[in-house]
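First the structure, in the form of structure tokens, and then the observations on it.
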There are 2 protein chains.
Amino acid sequence: MLGGKWSLLVLNQLVGGPLRFGELYRLLPDISEKVLVQELKQLANAELLVRTNHGEVPPRVEYHLTPLGRQALPVLAATAEFGRIYAEHIQAGRPQQSIG
Amino acid sequence: MLGGKWSLLVLNQLVGGPLRFGELYRLLPDISEKVLVQELKQLANAELLVRTNHGEVPPRVEYHLTPLGRQALPVLAATAEFGRIYAEHIQAGRPQQSIG
DNA sequence: ATGCATGCTTACCTGGAGGTGGGTACCGCA
DNA sequence: TGCGGTACCCACCTCCAGGTAAGCATGCAT
């Protein structure tokens, strides 16, 4: 469920408060609209976030995290942390050529 | 890198100590040989584990975690923890029909 | 010669995540 | 009449992780 390319990143954007579709779309530079719609739909379906349609014109729809959704954030945190450590490791490991 | 279906599970099996190919293969009931070889190769390439070929006949090859590999385990832990919480949530959410 | 066990390797195939490009319905504005 | 902005939907395509099935090289036992 969290294994997709974007799910955790979408959830992460919502930590600071609810966001509209367009805002999310702009905050995730390389996602496509279709995929964002898809992700939001299945995250809402899994009850990790909630969709609120304000029924206005022009349309206004907001997404916010559920408590359950917040439980997914440690996964992102752990992944990010590992990413940092791994990057450091790469940096430290590369320059072996010019040691001698 | 850790996004594959098996990488974290392979690493997890190695926490208790080095294992041979066949042992890993038996411990991961649903993985295919090809995919296990693949995973091991790319995890070794990423320096998350080390491959030791004992040069014997019949072949004996052992895999063990590197310190860097251990840094990936929190990702699995966080994911597993979320899995538990999510399962609980499902259990708690389902029986709404028979409340009234 | 045959079979067994080990640790792979190769060739092939498939499902589905993810990307592209278009369309929809609504309203205000000019 | 057309344009812009919102939040989508649809048809189509590509790519590759992952799965299946078979082969390889070696030595020992039979």
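Protein chains get the first letters and strands the later ones, always in sequence-line order, with residue 1 at the start of each.
Closest of all the heavy-atom pairs between B:L27 and B:P29 is O-CD, 3.2 Å. The two residues A:I31 and A:Y25 make their nearest non-hydrogen contact at O-CE1, 3.4 Å.
Each of A:K34 and A:V57 was matched to the nucleotide of DNA chain C holding its nearest heavy atom; the match closer to the 5' end belongs to A:K34.
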Test log, rule side chain to side chain contact (heavy atoms under 4.5 Å, CB included), inputs A:W6 and A:L36: CA-CA 8 Å; A:W6 295 105; A:L36 181 53; over 6 Å; no
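Using a 4.0 Å cut-off on heavy atoms, none of the residues of residues 5-18 of chain B approach DNA chain C. Within residues 35-43 of chain B, the residues approached by DNA chain C to less than 4.0 Å at the level of any non-hydrogen atom are B:V37, B:K41, in residue-number order.
Straight-line distance from the CZ atom of B:F21 to the P atom of C:dC8: 6 Å, rounded to whole Å. Atom pair B:R60:CZ and C:dG7:P shows a separation of 9 Å (rounding to whole Å applied). In this entry the distance linking CG of B:L28 with P of D:dG18 reads 13 Å, nearest Å. Atoms CD (A:E62) and P (D:dT6) sit 14 Å apart, rounded to a whole Å.
Between A:Y63 and the phosphate of D:dC8, there is a side-chain N or O to OP1/OP2 separation shorter than 4.0 Å. At C:dG7, one or more side-chain N or O atoms of B:R20 fall inside 4.0 Å of OP1 or OP2 (strictly under the cut-off).
By the 4.5 Å heavy-atom criterion applied to side chains, A:L11 and A:L48 are counted as neighbours.
Among the protein residues, B:E56 comes within range of no part of the nucleic acid, since none of its heavy atoms lies under 4.0 Å from any strand.
Comparing atom distances between the A:S32 side chain and each of D:dT20, C:dG19, C:dT6 picks out C:dG19 as nearest.
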